Novice: 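Shown below is the structure under consideration.
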Amino acid sequence: MTADGAASNPQAVRPEPAPLLNIANVLTVSRLALVPVFLVALFWNDGHDELWRWIATGVFVVASITDRIDGDLARRRNLVTDFGKVADPIADKALTGAALVGLSLLGDLAWWVTWVIIGRELAITLLRFWVIRHGVIAASYGGKVKTLLQAVAIGLYLMPFGDWAELPRWIVMGAALVATVGTGLDYVVRAIRLRATGRAKADA
């Protein structure tokens, strides 16, 4: 078939849809399945047993790593599916939210920190639905930094290092909070602009 023939026949060049059962989705589901395992380890023996805190930390680190791997695999191997688009952020928020709430219940992390981070994520989710008719706001570099800082900060709070680690914990968590609020405000601005542009095009 000639190049012109291929161009005139979209089906000839349309890529095959990714199968639902693929390595990226398996990693996403595995991360979601690790959330209850993480919580059991975190709360075992009143939540302050040194061995079990290290186990909980290990589970959290493994689950966090899968968050990076599954996204990269999906993009590089063309394994992006509608299921993955929905399940991946759910698994990510479930893991982070479970860790924050668990640490606050144990008295290791102030509740206001947990509410700021979770509140931001809920607000951004609602914003996505608010502008979904007009397009999708791409993830920013700041968002990736925010996710990394949150993971490192949570990891530091999970590790049973003792009181000497309070200062580095607060420094990293403080940076995570700044990134959380900053990227949230940036998302709000971009969402408003996207909606305004979409409505202008619709009225044109």
Side-chain angles (χ1 to χ4, degrees), residues 15-45 47-106 108-109 113-114 117-122 124-126 128-129 132 136-161 169 172-173 176 179-180 183:
E16 289 291 328
L20 179 62
L21 184 60
N22 62 62
I23 184 62
N25 285 346
V26 169
L27 287 173
T28 298
V29 173
S30 298
R31 182 165 73 260
L32 193 58
L34 283 174
V35 172
V37 177
F38 162 76
L39 288 173
V40 169
L42 179 61
F43 285 99
W44 195 266
N45 198 16
H48 290 99
D49 181 273
E50 185 172 333
L51 173 61
W52 282 97
R53 284 296 285 259
W54 281 114
I55 293 174
T57 303
V59 174
F60 179 81
V61 170
V62 170
S64 298
I65 290 174
T66 66
D67 181 34
R68 178 62 181 270
I69 295 176
D70 61 4
D72 289 343
L73 284 174
R75 287 186 292 271
R76 286 193 286 109
R77 299 188 180 184
N78 193 30
L79 297 177
V80 178
T81 63
D82 290 338
F83 171 81
K85 292 177 183 178
V86 174
D88 182 67
I90 290 176
D92 181 33
K93 289 176 176 56
L95 177 65
T96 302
L100 291 169
V101 171
L103 287 168
S104 292
L105 286 172
L106 292 171
D108 296 334
L109 181 66
V113 175
T114 294
I117 295 176
I118 292 180
R120 183 266 191 198
E121 298 303 329
L122 291 175
I124 295 305
T125 298
L126 292 176
R128 287 195 178 102
F129 284 109
I132 195 169
V136 176
I137 300 177
S140 65
Y141 177 77
K144 296 178 181 178
V145 172
K146 177 266 300 182
T147 301
L148 176 61
L149 287 172
Q150 286 181 1
V152 173
I154 291 171
L156 288 174
Y157 273 91
L158 289 172
M159 296 177 187
F161 282 148
R169 285 169 177 162
V172 180
M173 183 59 79
T180 297
T183 55

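As the structure is a computational prediction, the values presented were derived from the model and not from experiment.
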Novice: I need the full list of salt bridge (charged side-chain N to carboxylate O under 4.0 Å, His left out) pairs touching residues 149-160, with sequence neighbours left out, sorted by first then second residue.
Specialist: none
Novice: Is any side-chain heavy atom of F38 closer than 4.5 Å to one of L158?
Specialist: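 Touching, per the 4.5 Å side-chain cut-off.
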Novice: What are the two closest non-hydrogen atoms of L32 and A91, and how far apart are they?
Specialist: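 So the two residues come closest at CD1-CA, 3.8 Å.
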Novice: Side-chain donor-acceptor contacts of residues 96-106 below 3.5 Å, not counting sequence neighbours, with atom names and distances?
Specialist:
residue	atom	partner	partner atom	Å
T96	OG1	D92	O	3.2
S104	OG	L100	O	3.2
S104	OG	L109	O	3.1
S104	OG	T114	OG1	2.6

Novice: From the options E121, K146, Q150, R120, select the one residue that forms a side-chain hydrogen bond (donor to acceptor under 3.5 Å, both in side chains) with T180.
Specialist: Q150
Novice: Can you list the residues that meet the side chain to side chain contact (heavy atoms under 4.5 Å, CB included) rule with P160, with sequence neighbours excluded?
Specialist: E50, R53, W54
Novice: Check side chain to side chain contact (heavy atoms under 4.5 Å, CB included) between V61 and all other residues, then give those that pass, not counting sequence neighbours.
Specialist: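 Partners of V61 under the side chain to side chain contact (heavy atoms under 4.5 Å, CB included) test: T57, I65.
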Novice: Tell me every residue that passes side chain to side chain contact (heavy atoms under 4.5 Å, CB included) with S30, counting only those two or more places apart in sequence or in another chain.
Specialist: V26
Novice: Within a 6.0 Å radius of atom CH2 on W44, are there more than 12 heavy atoms belonging to other residues, nucleotides or ligands?
Specialist: no
Novice: Any idea which heavy atoms bring T183 and G143 closest together, and the distance?
Specialist: CG2-N, 3.8 Å
Novice: Measure the CG-CG distance between L42 and D108 for me, rounded to the nearest 0.5 Å.
Specialist: 8.0 Å
Novice: Taking only residues two or more places apart in sequence, or in another chain, which ones meet D49 in a salt bridge (Lys or Arg N to Asp or Glu O under 4.0 Å)?
Specialist: none
Novice: What's the verdict on side-chain contact (heavy atoms from CB on, under 4.5 Å) for L122 and L126, showing C-alpha distance, side-chain angles and the deciding distance?
Specialist: CA-CA 6 Å; L122 291 175; L126 292 176; 5.7 Å; no
Novice: How far apart are the closest heavy atoms of L156 and R169, and which atoms are they?
Specialist: O-NE, 2.9 Å
Novice: How close do V152 and V172 get, heavy atom to heavy atom, and via which atoms?
Specialist: CG1-CG1, 3.9 Å
